[in-house]
Every structure is written in C-alpha cells, then in structure tokens.
Amino acid sequence: MGQKTHPIGFRIGVTEHWRSRWYAPKAAFGEFLVEDQRIRKFVDERLNQQPPYAAVAKVDIERTRDDVRIILHTARPGLVIGPKGAEVDKLKEALENLVDRKISLNIMEIKQPDLNAKLIAEAISEQLKKRAAFRRVMKQRIEAAMAAGCLGIKIMCKGRLGGAEMARCETQIRGSVPLHTLQAHVDYGVATCRTTYGTIGVKVWLYLGRYGEEQIDEEARPQGRGRDGRRGKRG
C-alpha cells in the first residue's frame with residue numbers, strides 16, 4: 001500500500017493559501033482554531049446539508065483584533081443572499097450568536113461549478129442518493145469537467161455501489177492528474193452519500209494546470225454585503 005496525503009494539505013503554504021488567515025497569541029490560538037471549525041461545520045450543515053443547498057465549496061476565515069471576516073465561495077450566491085439580502089442577514093446573526101463576536105460576511109461566486117472538485121463530488125453524491133447509475137453519473141461529470149477546460153480528472157466511488165451486497169471501489173480517470181508535482185494545481189473534494197443500504201464515499205481530483213498558467217479563473221466577483229453593509233457590484 002502506498003502512503004497517501006491530502007492533495008491540498010500537501011500544497012498548503014507552498015502553492016496554496018491557508019484557509020484561515022490570522023495571528024493569535026498562544027493562549028488564544030486553540031480557542032480560535034475550535035471557533036473556525038465550528039463556523040465551517042455550521043455553514044456546511046445550514047447551507048449544504050439542507051435547503052437551500054447553496055453549494056458552498058470553501059469557507060475562508062480572516063480575523064482582526066475584534067472582528068471575524070468570513071468569505072463564502074458558492075456556486076449559488078443568490079440562494080445565500082436571499083431577497084434583498086434577508087438570508088445573508090439571518091446567517092450573519094446566527095454566526096454572531098454562535099461565536100459571540102462581530103462577523104463580516106462576504107460572498108464569492110464560483111463561475112464554473114464543473115471546475116470545482118468539492119461541487120463535483122457533492123453533485124455525484126446527490127445523484128447516487130436518487131439511485132442513478134453510478135458509472136453513467138461519473139462519466140457525465142468527467143465529460144462536463146473536461147469540456148469546461150480541466151486537464152485531468154479522477155473520480156473514485158467506494159461502498160455498496162448500486163445496492164450490491166459486497167462493497168467495492170470504482171475509479172474513472174481522464175487526462176493526467178500529477179499529484180506529486182507541487183506546481184500542479186490539483187483541486188480535491190470529498191463527499192459522503194448516505195443511502196438506505198449504507199454510505200458511499202466520493203472522491204474527486206481535478207487538475208487545472210500549473211499555478212500561474214491556469215486558463216481558468218474559478219473565483220469570480222464578490223457578491224452580497226461586504227464589511228460596510230452595502231451590496232457588492234457585479235462585474
């Protein structure tokens with residue numbers, strides 16, 4: 001068996017930015033770390049695991065002396081913001097009650113969901129819950145990602161696929177996925193599909209090109225209400 005490592009953790013600090021960006025004295029470090037974990041779990045449960053299924057792929061957290069700035073990267077910013085910003089205001093209030101600090105929320109739109117590994121994994125998971133044929137679902141997602149411009153993709157599903165009595169692993173690969181190259185921009189996402197006959201794990205590796213040479217700008221414009229409480233401009 002080979003020794004595996006997380007593709008993003010492997011690149012953090014080298015070619016990838018940290019997801020939490022703040023400095024804290026030693027006495028407060030543990031408290032802030034636990035808070036970050038609680039914030040991410042809360043956002044995932046509120047926006048991804050139940051309606052409105054807002055497809056939040058990443059949560060960045062920045063801290064100043066008194067404030068916490070949270071940046072949500074989502075494929076459906078309209079569902080997070082809501083009519084006249086009502087939903088984002090409720091989310092902000094709930095987060096402030098959770099951590100008992102002043103929160104600033106920024107919403108970033110993901111232009112191309114087909115080029116985000118986390119969103120691809122979640123989409124496959126949703127299809128498997130509806131008892132779709134797993135090979136066809138994997139093939140469709142691979143073709144969509146390649147058509148969107150990625151250079152390689154690998155999808156792995158493990159569990160009782162198709163309701164079979166014996167669990168197994170199904171892998172499909174297209175193009176190249178150079179996991180050992182630190183300069184290669186490899187996105188990674190995982191999702192768990194809970195079915196009536198057990199759980200199925202879905203892993204996705206997505207190769208977008210070398211850092212600085214990607215043809216893809218997965219992040220788009222800021223949306224929603226920024227630190228000053230005004231809506232961000234489109235474009």
Side-chain angles (χ1 to χ4, degrees), residues 1-24 29-30 32-45 47-49 55-63 70-75 108 110 112-126 128 138 141-142 145-146 148 150-159 167-194 199-214 216-219:
M1 295 291 289
Q3 301 298 313
K4 309 294 190 302
T5 185
H6 196 290
I8 295 177
F10 186 46
R11 290 166 174 78
I12 285 281
V14 183
T15 49
E16 278 285 329
H17 293 296
W18 297 91
R19 304 303 189 243
S20 293
R21 296 181 285 274
W22 41 263
Y23 174 80
F29 184 85
F32 288 175
L33 196 66
V34 172
E35 260 187 26
D36 284 8
Q37 180 63 20
R38 289 170 61 198
I39 289 171
R40 289 196 172 90
K41 185 178 178 185
F42 179 83
V43 169
D44 184 56
E45 289 178 350
L47 297 178
N48 287 344
Q49 305 300 327
V56 176
K58 188 169 71 170
V59 179
D60 287 338
I61 299 174
E62 298 174 351
R63 293 176 184 269
I70 300 174
I71 304 165
L72 302 180
H73 299 258
T74 172
M108 301 287 291
I110 297 173
Q112 295 178 293
D114 288 331
L115 294 177
N116 187 288
K118 173 69 176 174
L119 297 183
I120 293 174
E122 291 285 355
I124 293 172
S125 170
E126 285 300 315
L128 293 179
M138 292 165 74
R141 288 296 162 185
I142 285 175
M146 296 300 286
C150 80
L151 301 180
I153 180 171
K154 175 180 173 183
I155 299 178
M156 182 185 291
C157 293
K158 277 186 181 180
R168 60 197 175 95
C169 174
E170 178 80 13
T171 306
Q172 291 191 15
I173 305 175
R174 186 82 56 86
S176 67
V177 185
L179 295 177
H180 291 185
T181 308
L182 282 172
Q183 280 300 320
H185 186 178
V186 178
D187 193 17
Y188 174 72
V190 62
T192 303
C193 172
R194 292 179 173 82
T199 59
I200 296 174
V202 182
K203 295 179 181 178
V204 176
W205 294 261
L206 199 64
Y207 176 40
L208 301 172
R210 287 181 172 259
Y211 285 94
E213 299 176 1
E214 302 105 314
I216 307 136
D217 183 10
E218 64 174 3
E219 310 296 349

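Because only heavy atoms are used, hydrogens play no part in the values below, and waters and symmetry mates are left out as well, while side chains stay in.
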Where the side chain of [X] meets the backbone of [Y], is there a donor-acceptor pair that is under 3.5 Å apart?
| X | Y | result |
| --- | --- | --- |
| S125 | A191 | no |
| R21 | R19 | no |
| R11 | A184 | yes |
| K158 | I200 | no |

For [X] against [Y], the heavy-atom pair lying closest together:
| X | Y | result |
| --- | --- | --- |
| I155 | M138 | O-CE, 3.6 Å |
| V177 | W205 | CG1-CB, 3.9 Å |
| D114 | I120 | O-CD1, 3.3 Å |

Can R63 and D36 be said to form a salt bridge (charged side-chain N to carboxylate O under 4.0 Å, His left out), step by step? CA-CA 10 Å; R63 293 176 184 269; D36 284 8; 2.7 Å; yes
Name the orientation class of the two ring planes belonging to F29 and W22 (parallel below 30°, tilted from 30 to 60°, perpendicular beyond 60°).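 Rings of F29 and W22: tilted, 30 to 60°.
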When you check the side-chain N and O atoms of E122 and N48, is any donor under 3.5 Å from an acceptor? no
Is there a side-chain hydrogen bond (donor to acceptor under 3.5 Å, both in side chains) between S20 and R40 once you walk through the steps? CA-CA 11 Å; S20 293; R40 289 196 172 90; 3.1 Å; yes
Counting neighbours of NE2 on H6 that are heavy atoms of other residues, nucleotides or ligands and sit closer than 6.0 Å, is the number greater than 12?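 Yes, because the 6.0 Å sphere around NE2 of H6 holds more than 12 heavy atoms from other groups.
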Which distance, rounded to the nearest 0.5 Å, do you find between the CD1 of I110 and the NE2 of H73?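 Nearest 0.5 Å value for the CD1-NE2 distance: 7.5 Å.
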